[in-house]
Amino acid sequence: MNHPSLKQLSLYPLTTHFQVKAIRLDTGEIKVMRDIVYFEYATKYIKYLKFLNTQGFNIYFFPMPLAAGGRVDFLLDDLSHEKIKKLSQDGLKPLYYLETSPLNFQTVLRFNTIISNKEEYLAVNRYLVEKYDADFGSVGTEHFFRIAGFSNRKEKYVKSGKYPFVKLFNSGNIIDKNLLPELPKLTPTAPRPGGRGENKTIKSSDCDKYVAAIYRNGDISDISRLDWKVMRMALQKGFIENEIAEAIRRHSPNLDSRKSGHIDDYIERTIRKAALSLNNFTIRR
């Protein structure tokens, strides 16, 4: 079997353990396969995942960190082809990149130095995301992403009754970490007026009104991105996590159908990623 995913997973050390997740967006059903190595994937799981894909499941995976706890790979999500070219022009040619939907890409950058310090890893991740205008939702150490050779089952991409397949473009390039500029050390975010670090009390109803106003005036062409923006702005305003989560549940368009079965998990993960984008911002519960 010459499935494109085999080539993608073979770019990781043979001892790498993967987690694979299959999600049906219309029902919210999730199937998770943990601690799979390449040989197990190739011999035991690929046929099953192909079957799930035909049944409406989107297929994602996550490579676990190296045994020593270090990381060398960075994911950048939601890039244009022009941004892929810009990365290469800047000396940051990807290990590989995926066309996950027509003219939309995810890319994996691999550096020649292991980064074992989580704060340093996140600082580099944020720098890359900001510089190349990638999706801030991809900042973090445990982000699932697409596998080549499976179809993207989001309804908005259906054309003539067919779903686009995720395509792999491989260079095998490894980047010299010295190409990155020296990044500033992470420092706690200073208290904002009327926000964290001050005694001013902000009512729950204020949070609800604030969140509702952003959704009313926001771009709903990409609701997940709008959710992240709302959470980020609400955190900056000084509202606490539980208030933000409740407001998101009330006002995020079609949340029940978009994230059926895993709404709480989606909100929690997105709030934490929004907080990470705010320079190690500490969220309040």
Side-chain angles (χ1 to χ4, degrees), residues 60 62 71-111 115 118-146 148 152 154 156-157 164 166-171 173-186 189 214-215 217-237 252-253 258 266 269-281:
Y60 306 89
F62 164 62
R71 301 173 178 86
V72 293
D73 295 345
F74 293 86
L75 170 71
L76 300 183
D77 194 8
D78 199 18
L79 292 178
S80 64
H81 199 261
E82 288 70 27
K83 293 292 173 58
I84 300 285
K85 289 181 180 178
K86 175 63 174 169
L87 282 164
S88 295
Q89 290 168 359
D90 291 346
L92 303 178
K93 189 176 183 180
L95 177 74
Y96 67 86
Y97 60 96
L98 304 166
E99 185 175 24
T100 58
S101 58
L103 302 179
N104 193 60
F105 300 87
Q106 292 179 333
T107 183
V108 172
L109 307 179
R110 176 169 294 173
F111 289 86
I115 301 176
K118 185 175 180 180
E119 287 193 348
E120 181 184 359
Y121 180 91
L122 294 175
V124 173
N125 205 169
R126 279 197 293 273
Y127 166 79
L128 293 167
V129 164
E130 290 173 355
K131 182 173 175 62
Y132 297 99
D133 193 27
D135 182 3
F136 250 111
S138 62
V139 172
T141 58
E142 297 184 4
H143 185 81
F144 281 84
F145 52 105
R146 296 276 180 175
N152 185 331
K154 290 186 177 180
K156 64 181 179 180
Y157 297 129
V166 178
K167 299 176 183 177
L168 173 69
F169 299 87
N170 167 40
S171 74
N173 186 60
I174 297 177
I175 303 164
D176 186 341
K177 187 170 176 283
N178 291 327
L179 289 173
L180 289 172
E182 185 174 351
L183 302 175
K185 292 183 178 180
L186 298 181
T189 306
I214 301 174
Y215 277 116
N217 299 301
D219 178 7
I220 61 171
S221 63
D222 187 340
I223 301 176
S224 292
R225 183 180 279 268
L226 179 58
D227 286 340
W228 175 85
K229 178 182 177 182
V230 169
M231 294 178 193
R232 191 173 190 269
M233 293 175 68
L235 287 169
Q236 286 180 301
K237 191 73 173 175
S252 180
R258 288 190 299 116
Y266 167 72
R269 284 188 292 106
T270 308
I271 287 179
R272 295 191 181 283
K273 288 175 180 177
L276 281 172
S277 75
L278 295 170
N279 193 24
N280 224 26
F281 196 83

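Of all non-hydrogen atoms in L168 and A148, the two that sit nearest each other are CB-CB, 3.6 Å. Closest approach of L103 and E99 over heavy atoms only: N-OE2, 2.9 Å. Across all their heavy atoms, I271 and L235 have their closest contact at O-CD1, 3.8 Å. The two atoms that bring S224 and Y266 nearest to each other are CA-OH, 3.5 Å, heavy atoms only.
The backbone N or O of D77 sits nowhere less than 3.5 Å from a side-chain atom of D135 that would complete a donor-acceptor pair. A side-chain donor-acceptor contact under 3.5 Å links S171 to the backbone of P94. A donor-acceptor pair under 3.5 Å is formed between the side chain of Q106 and the backbone N or O of R146.
Atom CG of D73 is separated from atom OG1 of T107 by 10.5 Å, given to the nearest 0.5 angstrom. In this structure, CD1 in I175 is found 4.5 Å from CG in L109, a value given to the nearest 0.5 Å. Considering CG of L98 and CG of L75, their distance stands at 8.5 Å, rounded to 0.5 Å. The distance from atom CE of M231 to atom CG of L226, rounded to the nearest 0.5 Å, is 9.5 Å. Expressed to the nearest 0.5 Å, how far OH of Y121 lies from CZ of R126 amounts to 12.0 Å. In this structure, I84 CD1 and K93 NZ are separated by 12.0 Å, a value rounded to the nearest 0.5 Å.
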Next item on the list: Check step by step if side chain to side chain contact (heavy atoms under 4.5 Å, CB included) holds for V72 and I174.
Entry: CA-CA 9 Å; V72 293; I174 297 177; over 6 Å; no

Next item on the list: Verify side chain to side chain contact (heavy atoms under 4.5 Å, CB included) between N173 and L95, making sure each step is shown before the conclusion.
Entry: CA-CA 5 Å; N173 186 60; L95 177 74; 6.0 Å; no

Margin query: For a side chain to side chain contact (heavy atoms under 4.5 Å, CB included) check, start with the C-alpha distance between L92 and Y132, then their side-chain angles and the critical distance, and finish with the verdict.
Written below: CA-CA 11 Å; L92 303 178; Y132 297 99; 3.5 Å; yes

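Between D227 and R258 there is a salt bridge, since a side-chain N of the basic residue sits under 4.0 Å from a carboxylate O of the acidic one.
Side chains of K131 and D90 form a contact here, defined as non-hydrogen atoms less than 4.5 Å apart. For the pair V108 and F145, the minimum side-chain heavy-atom distance is below 4.5 Å. The closest side-chain heavy-atom distance from R225 to D78 is below 4.5 Å.
Between F74 and F111, the two ring planes are perpendicular [angle over 60°; tilted spans 30° to 60°].
No more than 12 heavy-atom neighbours from other residues, nucleotides or ligands sit within 6.0 angstrom of NZ on K229.
With sequence neighbours excluded, the residues satisfying ring pair (Phe, Tyr, Trp, His ring centres under 6.0 Å) with F105 are H81, Y97.
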